[in-house]
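The basis for the numbers below is simple: all heavy atoms, side chains too, and nothing from hydrogens, waters or symmetry mates. Bear in mind the structure is a predicted one, so any value in this text is a computation, not a measurement. Count residues from 1 along the sequence.
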Amino acid sequence: MAGILAWFWNERFWLPHNVTWADLKNTEEATFPQVEDLYLSFPFAFCIYMIRLVFERFVAKPCAMRLKIQNNGPMKAQPNAILEKVFTAITKHPDEKRLEGLSKQLDWDVRSIQRWFRQRRNQEKPSIVKRFCESMWMFTFHLHLFIYQIWFMKTMPWFWNLRQCWENYPYQDFGLMVVHHCTAVLLLTSSYVINMVRMGTLIMSLHDVNDLFLQAAKLANYTKCQKLCDLLFGLFAILFIVTRLCIYPLWLLNSTLFDSWEIVGPFPSWWFMNFLLLIIQVLNFMWSCIIIKMVWKAFSKGKVSKDDRSDVESSSDDEDSVSYGKNIHSKTSNGTTDASDTNGYLSSGICSEEH
């Protein structure tokens with residue numbers, strides 16, 4: 001194990017050529033980031049999770065009730081042992097061949113079976129109150145985090161002059177749906193370990209500010225304040241594009257690529273870190289294209305109306321008017337469902353993470 005750790009933390013990969021891990025040990029004069037500090041992330045994450053549970057239960061949920069947000073869930077599917085067994089054990093999205101087989105077995109028409117599976121899938125989705133509580137927590141968390149970041153960095157000279165992120169490294173104080181999250185975790189961990197916390201803090205703060213407007217727009221959407229939702233989502237879209245396609249590449253990424261090359265010089269982990277940062281930029285471009293498309297669709301329809309990933313699957317009124325039952329022999333293969341239009345980004349995440 002010691003040999004594996006020594007190979008993984010090879011100084012020639014992670015650090016510039018004139019720096020060793022011994023140079024990053026704490027002294028009486030200065031304190032540096034240590035690998036052992038990362039172990040604190042586990043109890044810290046647990047504490048945040050517990051705070052979230054308390055917040056959603058005793059703060060967000062009462063707010064939802066006070067705002068009279070209905071907790072009505074989607075229409076429940078009619079109990080059926082055969083379909084339930086297929087749903088839980090085989091597939092939640094049966095293909096045409098399986099639908100026809102179930103239709104013959106139950107003497108139901110295909111469209112009724114499709115509707116049953118759609119309603120059954122909707123039963124597993126969170127209610128509007130649950131989504132409101134999640135969005136309120138995310139808004140509150142990112143708001144406090146962003147305020148703390150700005151409060152901490154505003155007095156730092158390197159906040160105003162990015163070259164100072166590299167000038168003191170390492171001589172004195174050594175001072176983003178899966179690809180995004182993996183990249184973000186790698187960037188956060190590696191930048192902390194090799195003491196690139198200044199640039200890491202700037203990049204994280206820049207990406208966090210968008211979430212404030214996104215979560216606020218979702219809260220407005222859940223409380224049916226449509227005009228406020230449209231306004232906040234528009235502000236979110238503008239801020240996202242400005243920060244991700246202008247400030248990030250022209251200010252921060254430019255510094256990590258050129259200022260650091262000039263001041264610190266390239267070393268193996270330098271290439272690794274900048275490769276990850278370029279991946280983030282590619283993701284930012286892709287998300288921006290999606291957001292622009294959604295904004296165009298939303299304004300062409302007149303509003304930002306739905307939360308695609310978390311709302312129930314929709315169906316036409318005439319389809320919902322068809323009742324379940326036997327002795328219905330009009331078989332049809334036309335019954336594919338369309339998710340609610342607009343605003344797939346007004347969901348838990350993009351990018352989230354999800355960014």
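- If you chain together hydrophobic residues whose side chains sit under 4.5 Å apart, L202 and V264 fall into the same group.
- Taking CZ of F236 as the start and SG of C229 as the end, the distance is 11.5 Å to the nearest 0.5 Å.
- Considering every non-hydrogen atom in both Q78 and W116, the closest pair reads O-NE1, 2.5 Å.
- Residues satisfying the ring pair (Phe, Tyr, Trp, His ring centres under 6.0 Å) test with W261, not counting sequence neighbours, are W270, W271.
- Looking only at side-chain heavy atoms (C-beta outward), F87 and E124 come within less than 4.5 Å of each other.
- In this model, no donor atom of one side chain and acceptor atom of the other lie less than 3.5 Å apart for E84 and N80.
- Other members of a hydrophobic cluster containing L250 are absent, since no ILVMFWY side chain comes under 4.5 Å of it, directly or through relayed contacts.
- Separation of atoms CE (M138) and CG (L214) is listed at 8.5 Å; rounding is to 0.5 Å.
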Could you go through residues 35-47 and list every donor-acceptor pair under 3.5 Å that involves a side-chain atom there, pairing it with any protein atom two or more places apart or in another chain?
unit_1	atom_1	unit_2	atom_2	d
D37	OD2	Q34	N	3.0
D37	OD2	Y192	OH	2.7
S41	OG	L38	O	2.5

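- Closest non-hydrogen pair, L206 versus V209, comes out as O-CG1, 3.2 Å.
- In this structure a side-chain-to-backbone donor-acceptor pair under 3.5 Å is missing from S255 to L252.
- Counting heavy-atom neighbours within 6.0 Å of M65 CE, excluding the residue itself, gives a total above 12.
- Taking OG of S103 as the start and CD of Q114 as the end, the distance is 10.0 Å to the nearest 0.5 Å.
- The aromatic rings of F272 and W14 sit perpendicular to each other, their planes meeting at more than 60°, with 30° as the lower class boundary.
- Under the side chain to side chain contact (heavy atoms under 4.5 Å, CB included) criterion, W151 pairs with Y148, K154, not counting sequence neighbours.
- Residues I290 and F285 do not share a hydrophobic cluster, defined by chaining ILVMFWY side chains whose heavy atoms lie under 4.5 Å apart.
- Remark: L53 engages Y49, M50 in a side chain to side chain contact (heavy atoms under 4.5 Å, CB included) (not counting sequence neighbours).
- Applying the ring pair (Phe, Tyr, Trp, His ring centres under 6.0 Å) rule to Y248 yields the partners H207; only residues at least two apart in sequence or on another chain are considered.
- No hydrogens or angles considered: nothing links the side chains of D208 and S205 as a donor-acceptor pair under 3.5 Å.
- In this structure, N210 contributes its side chain and F240 its backbone to a donor-acceptor pair below 3.5 Å.
- For residues 44-55, the pairs satisfying salt bridge (Lys or Arg N to Asp or Glu O under 4.0 Å) are R52-E56, with sequence neighbours left out.
- Between F213 and F233, the closest side-chain pair of non-hydrogen atoms is not below 4.5 Å.
- Of all heavy-atom pairs between L212 and F139, the closest is O-CD1, 3.3 Å.
- Without hydrogens or angle criteria, N26 side chain to F32 main chain gives a donor-acceptor distance under 3.5 Å.
- Note that CG of L106 and CG of L83 are 5.0 Å apart. Values are rounded to the nearest 0.5 Å.
- Residues I90 and V110 share a hydrophobic cluster, clusters being chains of Ile/Leu/Val/Met/Phe/Trp/Tyr side chains in contact below 4.5 Å.
- The hydrophobic cluster containing F58, built from Ile/Leu/Val/Met/Phe/Trp/Tyr side-chain heavy atoms closer than 4.5 Å, also comprises V54.
- Looking only at distances, a side-chain donor or acceptor of S135 sits under 3.5 Å from a matching main-chain atom of R131.
- The structure places OG of S260 at 8.0 Å from CE of M199, a figure rounded to the nearest 0.5 Å.
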Audit row: V19, E11, side-chain contact (heavy atoms from CB on, under 4.5 Å) steps and yes/no
CA-CA 8 Å; V19 182; E11 294 173 345; over 6 Å; no

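- For F141, the ring pair (Phe, Tyr, Trp, His ring centres under 6.0 Å) criterion is met by W137, not counting sequence neighbours.
- C63 is linked by a side chain to side chain contact (heavy atoms under 4.5 Å, CB included) to F132, M136, counting only residues two or more places apart in sequence or in another chain.
- Panel note: side chain S269, backbone F13; a donor-acceptor pair is recorded below 3.5 Å.
- Neither L245 nor I238 shares a network with the other; the hydrophobic side chains, linked directly or stepwise wherever heavy atoms of I, L, V, M, F, W or Y lie under 4.5 Å apart, form separate groups for each.
- Cluster partners of W296, using a side-chain heavy-atom cutoff of under 4.5 Å among ILVMFWY residues and allowing indirect links: none.
- Residues H93 and R121 are in side-chain contact: their nearest non-hydrogen atoms beyond the backbone lie under 4.5 Å apart.
- V242 and L253 fall within the same hydrophobic cluster, defined by Ile, Leu, Val, Met, Phe, Trp and Tyr side-chain heavy atoms under 4.5 Å apart, directly or through other members.
- The two atoms that bring F117 and K92 nearest to each other are CD2-O, 3.8 Å, heavy atoms only.
- With S288 contributing its side chain and I241 its backbone, the two residues share no donor-acceptor pair below 3.5 Å.
- Put simply, OG1 on T140 and CD1 on I51 are 12.0 Å apart, with the number rounded to the nearest 0.5 Å.
- Shown here are the side chain to side chain contact (heavy atoms under 4.5 Å, CB included) partners of L187, two or more places apart in sequence or in another chain: T183, M273, L276, L277, I280.
- A donor-acceptor contact shorter than 3.5 Å is absent between the side chain of N221 and the backbone of A217.
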